[in-house]
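We count ligands from 1, going down the list as the structure has it; atoms in each ligand are counted the same way.
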Amino acid sequence: MELQAIYQTLGVSPAVYRYGEAALNRLRDRFADIDRTAEYNQAKVLHAMQQNRVNATHFAATTGYGYDDEGRDNLERVYAAVFHTEAALVRPQITCGTHALTVALSANLLPGDELLSPVGAPYDTLEEVIGIRPSKCSLREYGVTYAQADLLPCGGFDYEAIRSRINERTKLITIQRSKGYATRPSFSVAEIGKLIAFCKSVKPDVKVMVDNCYGEFVETREPSDLGADMVVGSLIKNPGGGLAPIGGYICGTNECVERCAYRLSAPGLGQEVGANLGLMPAFYQGLFLAPTVTAGALKGAVFAANLYEGLGFSCVPNASEERHDIIQAVTLGSREAMLAFCRGIQAAAPVDSYVTPEPWAMPGYDSEVVMAAGAFVQGSSIELSADGPIRPPYAVYFQGGLTWQHAKLGILMSLQKLTEAGLARLPE
Ligand SMILES: *Cc1c(COP(=O)(O)O)cnc(C)c1O
């Protein structure tokens, strides 16, 4: 009763609260599994930090060129140990996930090379990076071509199509782990491993990059454990643990990561330059918290699927499926319902809870996008957030929550707004 009362203070009606509790009662075993994965990953991160003798000197700020930045260099060793790779590039100079992916692609593809996506279309912002949508400075402008094998209607890999698209120019294969703004399934690390093995059986010297955004620490293994030459992601998603205010990472082989460092700074300079600007405490501590923060976000995603599927909305993944990333797509069917959902997420935020999300033409996306986020770090999607392009099937993509409790409140508030607008009805 005390909980129901404080939720009511926050704007959640007793009916919505009770519907949520009923859904939650069926999720105890799922939550226990998520906690076990977090426990394993916490130990993995801790071991990487102990092995690399992390100490207070690693938290010191550097400025200017950042030569001999021991905190930065050691953080990269810690990331390499976590992802079981030879090398890592982890920098505040990598401004976002798209930038990290751009560095990884443009460093490892030369004019005349071909990039292949064996998993259908890539994330929206990569269309301009690759040049699928014409754009200045795209890979295409530099003479790198692109090929794609679509997924089968069931969502599986089309191995015959993939085999036929691999040719003598195929240099790099890009696999996106998470569905992004699509309603296809996200892939498990095991599935990605199988796909990597297949591609390398067709062409042994081909390099494989995995866009690891939103997938880190969801499972106990990462794609780099199963043959990926590079795994790439953003620090304002899972691995930053909510504390990193900027940054991206590329973990992989010495050969690939060295090229990425030359592309990021300059040929000849590579990893030697790049001051940490005082961000090391946030990067180390964020990585330390990342397994449990990811677990909280995962619980929120599972809870949302169970709540909304129970009301007749289609969810990807569905209420009972295993999880491979922290994103939950809920198909709401109309622009109005998307806006109501986002109003609820916004109203639940610790920051900017009083503002109303409005659709806008966001750079890098080809339709209007609505976003709800009241985040401590602008654009951070490991914090509770919801977004989606306003186009059929009007699906909203929900993710994050620095704590499970906050994710829960956000989902209850989204349902509250939908019921208030008459766009969802609770069961009798
Ligand atoms: C978020 C995301 C990106 C891009 O990251 P930004 O930080 O938004 O630039 C790329 N790929 C996937 C799958 C993502 O989820």
Chemist: Do NZ/NE/NH1/NH2 and the carboxylate oxygens of Arg177 and Glu216 come within less than 4.0 Å?
Modeler: no
Chemist: Report the residues that fulfil side-chain hydrogen bond (donor to acceptor under 3.5 Å, both in side chains) with Tyr308, sequence neighbours left out, ordered by chain and then residue number.
Modeler: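 Tyr308 satisfies side-chain hydrogen bond (donor to acceptor under 3.5 Å, both in side chains) with Ser414 only.
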Chemist: Checking contacts here: is it the side chain or the backbone of Leu101 that comes within 4.0 Å of ligand 1, counting heavy atoms only? Could be both or neither.
Modeler: side chain
Chemist: Looking only at distances, can you tell me whether any N or O atom of Gly97, backbone or side chain, sits closer than 3.5 Å to an N or O atom of ligand 1?
Modeler: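 It does: an N or O of Gly97 is found under 3.5 Å from an N or O of ligand 1.
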Chemist: What pairs meet the ring-ring contact (aromatic ring centres under 6.0 Å, His included) rule with one or both residues in residues 74-113, with sequence neighbours excluded?
Modeler: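 Qualifying pairs: Tyr79-Tyr249, Phe83-Tyr249.
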Chemist: Tell me, which protein residue and heavy-atom name are nearest atom 14 (C) of ligand 1, and how many Å apart are they?
Modeler: Lys237 NZ, 3.0 Å
Chemist: List every atom of ligand 1 that sits less than 4.0 Å from any heavy atom of Thr98, numbering the atoms from 1 in the order shown and giving each element.
Modeler: 4 (C), 5 (O), 6 (P), 9 (O)
Chemist: Should Gln176 be counted as touching ligand 1, given the test is an N or O pair under 3.5 Å?
Modeler: no
Chemist: If the threshold is 4.0 Å, N to carboxylate O, is there a salt bridge linking Asp33 and Arg36?
Modeler: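 Arg36 and Asp33: salt-bridged.
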Chemist: Between Thr62 and Arg72, do the side chains contain a donor N or O and an acceptor N or O under 3.5 Å apart?
Modeler: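 No, because no side-chain N or O of Arg72 sits under 3.5 Å from a partner of the opposite role on Thr62.
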Chemist: Could you check whether Lys237 makes a cation-pi contact with Tyr397, meaning its NZ or CZ is under 6.0 Å from the centre of the six-membered ring and within 45° of the ring axis?
Modeler: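 Ring-cation test returns no.
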Chemist: For atom 11 (N) of ligand 1, what's the nearest protein heavy atom and its distance?
Modeler: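 Of every protein heavy atom, Asp211 OD2, 2.6 Å lies nearest to atom 11 (N) of ligand 1.
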Chemist: So with a 6.0 Å cut-off around CD of Glu141, is the heavy-atom count from everything else above 12?
Modeler: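 Enclosed: over 12 neighbouring heavy atoms sit under 6.0 Å from CD of Glu141.
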Chemist: With heavy-atom distances below 4.0 Å as the criterion, list the atoms of ligand 1 near Tyr214.
Modeler: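 Counting from 1, the qualifying ligand atoms are 15 (O).
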Chemist: Please confirm whether His99 approaches ligand 1 to less than 4.0 Å, judged on its heavy atoms.
Modeler: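 No, His99 has no heavy atoms under 4.0 Å from ligand 1.
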Chemist: Using a strict 4.0 Å cut-off to heavy atoms of Cys96, name the atoms of ligand 1 that fall inside it.
Modeler: 7 (O), 9 (O)
